[in-house]
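First the structure, in the form of structure tokens, and then the observations on it.
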Amino acid sequence: SLQTSNDSAVPQILRNRVHDNQTVGILIQRGAPIVSNNIVWNNGTFGIEVDTSEPVADPPQPTTAVVTSNVLAFNGAAGLEIYGSRGSPLIKNNLFYKNTIGLLISGGGWGGTNISPVGVAFNVFSHSLGPKIQHNGLSQSFNGELPGDYSSMNSLAGWEGNMAVADVGFVDPDAVTPDLSLRTDS
């Protein structure tokens, strides 16, 4: 798996194929990394985890990760988890496919449950086994019908354009080694 854990770093995790890890595919704990254009699949727990619970400095330096334009598929617990309450990550333009939960926003750790992503926008969810989005701090989950949008969720500050679709148009997502590239007709 890949991990960032430097308070002041702005690492970039770009264009990787991250798969078949026992736990987390990409773990973000500190700093302001950019995680973009990765294909992350078949990891034991989370495809990407943004852990904002650890106090990293005095005063605390919140995690301000930007997670954008990734494909997250077939991950055990969730495609992407945001954990803790010290950060303000931006989650935008990601495609979630057949994860147990698409996007899980959970609290706990040092900071409680009031995690507040700066934005969750223009993400596409398809065929989650459980909720497409679950926000434990708000005690809400958003399942939506396929196809459809999440007008109640998209009314939250910084949340817009998220939708569920029936067919995202992958070439062969259910193969033993999935082909998660998009068909030319999608």
Side-chain angles (χ1 to χ4, degrees), residues 1-7 9-56 60-115 117 120 123-137 141-142 168 170 173-180:
S1 67
L2 301 171
Q3 178 177 352
T4 68
S5 60
N6 187 318
D7 295 341
V10 185
Q12 295 184 3
I13 300 173
L14 307 173
R15 295 180 293 281
N16 295 286
R17 292 178 167 271
V18 181
H19 58 93
D20 296 312
N21 292 287
Q22 286 186 330
T23 57
V24 178
I26 298 173
L27 175 60
I28 301 162
Q29 290 183 302
R30 301 182 189 122
I34 297 169
V35 180
S36 181
N37 293 300
N38 299 288
I39 300 176
V40 183
W41 80 93
N42 202 37
N43 295 289
T45 55
F46 308 109
I48 298 174
E49 180 180 15
V50 180
D51 182 349
T52 68
S53 66
E54 183 180 344
V56 296
Q61 302 294 316
T63 300
T64 55
V66 174
V67 180
T68 183
S69 303
N70 298 286
V71 173
L72 300 132
F74 307 110
N75 294 293
L80 192 152
E81 182 199 37
I82 303 170
Y83 177 82
S85 67
R86 293 186 182 269
S88 54
L90 173 63
I91 311 301
K92 187 173 182 178
N93 294 328
N94 297 287
L95 195 152
F96 296 83
Y97 181 76
K98 284 193 179 178
N99 298 289
T100 301
I101 296 172
L103 170 61
L104 173 61
I105 302 172
S106 60
W110 296 92
T113 59
N114 296 322
I115 186 72
V120 176
N123 297 289
V124 175
F125 299 87
S126 182
H127 299 290
S128 295
L129 304 176
K132 289 157 188 67
I133 299 175
Q134 182 171 320
H135 194 311
N136 291 343
S141 56
F142 303 94
V168 294
F170 289 132
D174 297 318
V176 173
T177 301
D179 185 346
L180 299 175

Item to check | Single hit among Val40, Val50, Ile91, Ile26 for side-chain contact (heavy atoms from CB on, under 4.5 Å) with Val35 | outcome: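 Only one option passes, and that is Ile26.
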Considering non-hydrogen atoms only, spot the tightest contact between [X] and [Y] and give its length.
X	Y	value
Phe46	Ala77	CE2-CB, 3.5 Å
Val24	Leu27	CG1-N, 3.9 Å
Leu72	Gly79	CD2-O, 3.3 Å
Ser128	Pro131	CB-O, 3.9 Å
Ser69	Asn94	N-OD1, 3.3 Å
Ile28	Pro33	CG2-CG, 3.3 Å

Next on the checklist: According to salt bridge (charged side-chain N to carboxylate O under 4.0 Å, His left out), does anything in residues 93-104 pair up with another residue at least two apart or in another chain? List the pairs.
Outcome noted: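 For residues 93-104: Lys98-Asp174.
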Could you work out, with side chain to side chain contact (heavy atoms under 4.5 Å, CB included) as the rule, every residue matching [X], not counting sequence neighbours?
X	value
Asp20	Asn42
Thr23	Thr45
Leu129	Thr100
Pro178	Trp41, Phe74, Leu180

Checklist entry - What distance separates Arg15 CZ from Ile39 CD1, expressed to the nearest 0.5 Å? => result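 Taking CZ in Arg15 and CD1 in Ile39, the distance rounds to 12.0 Å.
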Checklist entry - To the nearest 0.5 Å, what is the distance between CG (Leu14) and CG (Asn70)? => result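 Leu14 CG to Asn70 CG: 9.5 Å, rounded to 0.5 Å.
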Next on the checklist: Please verify the inter-ring angle class for Phe170 with Tyr97; under 30° counts as parallel, over 60° as perpendicular, anything in between as tilted.
Outcome noted: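 Taking Tyr97 first and then Phe170, their aromatic rings stand perpendicular (interplane angle over 60°).
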Checklist entry - Val67 and Leu80: side chain to side chain contact (heavy atoms under 4.5 Å, CB included), yes or no, with the steps? => result CA-CA 9 Å; Val67 180; Leu80 192 152; 3.5 Å; yes
Next on the checklist: For Lys92, give me all partners under salt bridge (charged side-chain N to carboxylate O under 4.0 Å, His left out), at least two apart in sequence or on another chain.
Outcome noted: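 Checked Lys92 against salt bridge (charged side-chain N to carboxylate O under 4.0 Å, His left out); zero matches.
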Item to check | Whether Ser36 side chain and Thr68 backbone form a donor-acceptor pair below 3.5 Å | outcome: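 Flag set: sc Ser36 to bb Thr68 pair under 3.5 Å.
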Item to check | Contacts of type side chain to side chain donor-acceptor pair (under 3.5 Å), residue Asn75, not counting sequence neighbours | outcome: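 If we apply the side chain to side chain donor-acceptor pair (under 3.5 Å) test to Asn75, skipping adjacent residues, the hits are Asn43, Asn99.
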Item to check | By side chain to side chain donor-acceptor pair (under 3.5 Å) - contacts of Asn16 (at least two apart) | outcome: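 Partners of Asn16 under the side chain to side chain donor-acceptor pair (under 3.5 Å) test: Asn38.
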Checklist entry - So do Phe96 and Ile133 actually touch side chain to side chain, heavy atoms under 4.5 Å? => result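 Ile133 vs Phe96: side chains apart.
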